[in-house]
Amino acid sequence: MKIKLKTLLLLPFFALLIFTSCQDEVTDISVPEEAEALTATSELTSLMTSTAKLDGSKDNIIDKASCLSIELPVTVIVNGLEITVDSEEDYKVIKAIFDEFENDDDILEIVFPITIITSEFEEFILENRQALQELIQDCVGENEEDDDIECIDFKYPLAFSVYDTAFEVIDVVNVENDRALHRFLKRVRSSEFLASLNFPINMVLADGSEIVVTNNEELQRVIKEAKDACDEDDDNDYHDNDFDKERLDNLLMTCPWVVHEFERNQDNLIEQYNEYAIQFKADNVVKMRARGGDMLTGTWSTRVTDNGALINLEFNNLADFTLEWFVYDLGPGRIKLYQAGGNRIILKKNCEVVIDITKQRIENYLQECFWRVSRLNVNGTDNEKDYIGTPLKFLENNVVKLRVNGELVAGTYEIGVRNTGFILQVNLEGRPNLNLEWLITFLESGLIKLENANNKMVLKRHCPDADNDLTFVDSVLINGEWEVAAYHVNGENKPEEFYMYTLNFMESGRAKVTDPNDGIFSGSWLAYRNEGLYLGMFFGNNAPFDDLNHRWKIKEITQNRIELKDYSSTGAIERILVLEKKV
């Protein structure tokens, strides 16, 4: 057997600290208590290590080993056909070839050499099949219990305080992924140092939902409770076909499903069918809600064969969906359907989406809370910046109010019915970009999408009183006067232009700015949640605060300090704004 060790030794500890402590992310931390330390033999350290292990089951259709993963690209020969596997999407091609005939013998050969990654993130170059088989022998069998925990994951980055046996803090280490976390914990388990996790952190469950964890005891409980809460799919097929018909039917009927990708006969039709919503009902009835609210009714059925599951859809007036679709990927909250000839659908579960839209339901949703303009594109120009910090409030008797600089500007609205579906008509003086007849194309309890001709608008619900985090942020902001302590642009700190200015966040949503000569101008502000906490501020053309017209992500907040960041579309930090309370 010929095995080359590609990467086995870990980086020296000081190099690890230098690398991780130079990350852009900064986390608010305090000196940990000794009881919060992760030790070499603690149960929590073991649970965290198992959660960070590499799950090698995704490529079992190639290597038949859940504790190993083959580094891509890899070349395989499937029933005589040579295929280069560049991504996980290519696993479905192998499965489709296997499923082409029911009574043939399926043979897959791997073209060596290959690189293997173990569950411990060690990498080996293997020159032949015998070397691979010897590593596979150390793995448990198909669907047998193993050490890795797949039903819950950490949301990165994580920050650790690292200290020596005398409890002297050495550094703060940011960990960005499972590989880095596993290596870090390996050094903890080797008693090279002590460490404590800086809370709060977010854990992601198998269905995509998140749990906020605030201490070690809670983290240990959450991991243990989630450990066996999902199907780890450790069989040697590609994704789930090891379920029965009853389980599949029940899954389909749990909630509505929304179309996110659609191809028919190799034509990409997603623009036509994007956000169509499907609801599988009892007695094999399926309802399809088109954009605008039109309802189509058809039938559905399923069958499970030795080669996998199939869903048959039939609509009299929707030929593109009428086909028996093969289920080639079934994950938490997602179903991928496939059929030969370039036919493909991706559905995502959305329990909040509304299938049966009515005028009364739309009005009820609108009147529940404030609504902020998340997107507004008119004739190809983005206008949502004009609505930062200015939410809408829809009231009874067709009254709508827009909160601008703490003042409510009143107008009217109307829900109407057209041949194309339900529409929202808004009339607000001085707001021509809103004063259009908007077709409601997507509706759920917290999100409304609208469009007409060349224009698109997205409204997101804002209920600050129902969110404890937002209540805290609001209470901090309105308590006292603030000043700009730092303003980093592309790494350069230049707060000088904001010196001597005072900023007051008023409970009404008005942002009052007092200049060095005691002059006053106003803006708008709104703290809200959108996969994290944000602070939107808009000061119009009033320099120098017009530079701060933006939806800033809140990265750190205390009673006396707020750190805000502006990210580019690629995730890079472009600006950092620090506000501190005036003494």
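Excluded from the calculations below are hydrogen atoms, water molecules and symmetry mates; all remaining heavy atoms, backbone and side chain alike, are included. Heads up: numbering here begins at 1 and tracks the sequence.
- Proximity of a side-chain donor or acceptor of Glu176 to a complementary backbone N or O of Tyr156 within less than 3.5 Å is not detected.
- Looking at Arg361 and Asp356, their side chains come closer than 4.5 Å, going by heavy atoms from C-beta outward.
- Listed for the Asp267 side chain is no donor-acceptor partner under 3.5 Å among the backbone atoms of Leu269.
- Side-chain N or O atoms of Thr45 include none that pairs as donor or acceptor with a backbone N or O of Thr41 at under 3.5 Å.
- Between Arg344 and Glu89 there is a salt bridge, since a side-chain N of the basic residue sits under 4.0 Å from a carboxylate O of the acidic one.
- Distance alone, capped at 3.5 Å, is enough to place a donor-acceptor pair between the Asn128 side chain and the Gln130 backbone.
- The pair Arg289-Glu444 does not meet the salt-bridge criterion, since no charged nitrogen lies less than 4.0 angstrom from a carboxylate oxygen.
- Here the side chains of Thr302 and Val327 are not in contact, with every heavy-atom distance at 4.5 Å or above.
- When each of Thr299, Val286, Asn284 is tested with Glu314 by the rule side-chain contact (heavy atoms from CB on, under 4.5 Å), just one qualifies, namely Thr299.
- Once rounded to the nearest 0.5 Å, the distance linking CD1 of Ile97 with CG of Leu81 reads 4.5 Å.
- In this structure a side-chain-to-backbone donor-acceptor pair under 3.5 Å is present from Asn250 to Glu246.
- The heavy-atom pair separating Thr441 from Leu450 by the smallest distance is OG1-N, 4.1 Å.
- Minimum interatomic distance between Val74 and Ile114 (heavy atoms only, all atoms of both residues): CG2-CG2, 3.7 Å.
- Ser69 is not listed as a side-chain neighbour of Lys58, based on a closest heavy-atom distance of 4.5 Å or more.
- When all heavy atoms are compared, the tightest approach of Met48 to Ile223 is CG-CD1, 4.4 Å.
- Put simply, the side chain of Trp300 gets close to the backbone of Lys281: a donor and an acceptor are under 3.5 Å apart.
- Judged by distance alone, with hydrogens and angles left aside, the side-chain atoms of Asn215 form a donor-acceptor pair with the main-chain N or O of Glu218 at under 3.5 Å.
- Counting all heavy atoms, side chain and backbone alike, Ile136 lies closest to Ala65 at CG1-CB, 3.9 Å.
- One distance of note links CD of Glu275 with CD1 of Ile270; it measures 8.5 Å at 0.5 Å rounding.
- Inter-residue side-chain proximity for Ser57 and Glu150 is flagged as met; some heavy-atom pair is nearer than 4.5 Å.
- Of the possible donor and acceptor atoms, none in the side chain of Asn350 sits under 3.5 Å from a partner among the backbone N and O of Trp257.
- Using a 4.0 Å cut-off between a side-chain N of Lys or Arg and a carboxylate O of Asp or Glu, Glu384 and Arg551 do not qualify as a salt bridge.
- Summarising the geometry of Ala226 relative to Cys151, their closest heavy-atom pair is O-CB, 3.0 Å, with the distance given to 0.1 Å.
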Please evaluate residues Tyr528 and Asp467 with respect to the criterion side-chain contact (heavy atoms from CB on, under 4.5 Å), reporting the C-alpha separation (whole Å), side-chain torsions for both, the decisive distance (0.1 Å), and the verdict. CA-CA 9 Å; Tyr528 65 93; Asp467 190 317; over 6 Å; no
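- Under the 4.5 Å side-chain criterion, counting only non-hydrogen atoms from C-beta, Arg189 is in contact with Lys186.
- How far CG of Asp106 is from CD1 of Ile94: 11.0 Å, rounded to the nearest 0.5 Å.
- Between Met288 and the options Ile278, Ile355, Leu313, Asp294, a side-chain contact (heavy atoms from CB on, under 4.5 Å) holds for only Ile278.
- Put simply, the side chain of Thr322 gets close to the backbone of Phe315: a donor and an acceptor are under 3.5 Å apart.
- For the pair Val285/Thr297, a side-chain contact is recorded, criterion being any heavy-atom separation below 4.5 Å from C-beta on.
- Interatomic distance, CD of Gln137 versus CG of Leu132, reported as 10.5 Å (0.5 Å rounding).
- Across every non-hydrogen atom of Arg264 and Ala319, the tightest pair is NH2-O, 3.4 Å.
- For Asn177 (side chain) and Arg179 (main-chain N/O), a donor-acceptor pair under 3.5 Å exists by modelled atom type.
- Environment of CG in Asn317: sparse, with no more than 12 heavy atoms of neighbouring residues, nucleotides or ligands closer than 6.0 Å.
- Taking 4.5 Å as the limit, some side-chain heavy atom of Leu347 sits within range of a side-chain heavy atom of Val259.
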Kindly indicate, with the supporting measurements, whether the criterion side-chain contact (heavy atoms from CB on, under 4.5 Å) is fulfilled by Met253 and Phe280.
CA-CA 5 Å; Met253 291 190 289; Phe280 297 90; 4.1 Å; yes
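- Rounding to the nearest 0.5 Å gives a distance of 8.5 Å between CG of Asn79 and CG of Leu108.
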task = Take Ile448 and Ile440 through the test side-chain contact (heavy atoms from CB on, under 4.5 Å) and record every step on the way to the result.
result = CA-CA 7 Å; Ile448 300 177; Ile440 299 173; 4.2 Å; yes
Test salt bridge (Lys or Arg N to Asp or Glu O under 4.0 Å) on Lys336 and Glu261 and set out the steps.
CA-CA 9 Å; Lys336 294 184 180 181; Glu261 291 189 30; over 6 Å; no
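- Atom CG in Asp153 sits 12.5 Å away from atom CG in Asn202 (nearest 0.5 Å).
- A 6.0 Å sphere centred on CD of Glu120 holds more than 12 heavy atoms belonging to other residues, nucleotides or ligands.
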- Message: Could you walk me through whether Tyr273 and Ile345 satisfy the side-chain contact (heavy atoms from CB on, under 4.5 Å) test, starting with their C-alpha distance in whole Å, then the side-chain angles of each, then the deciding distance to 0.1 Å, before giving a yes or no?
- Response: CA-CA 10 Å; Tyr273 294 117; Ile345 304 176; over 6 Å; no
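- Taking the side chain as every heavy atom from C-beta outward, Tyr338 and Lys95 never approach each other to under 4.5 Å.
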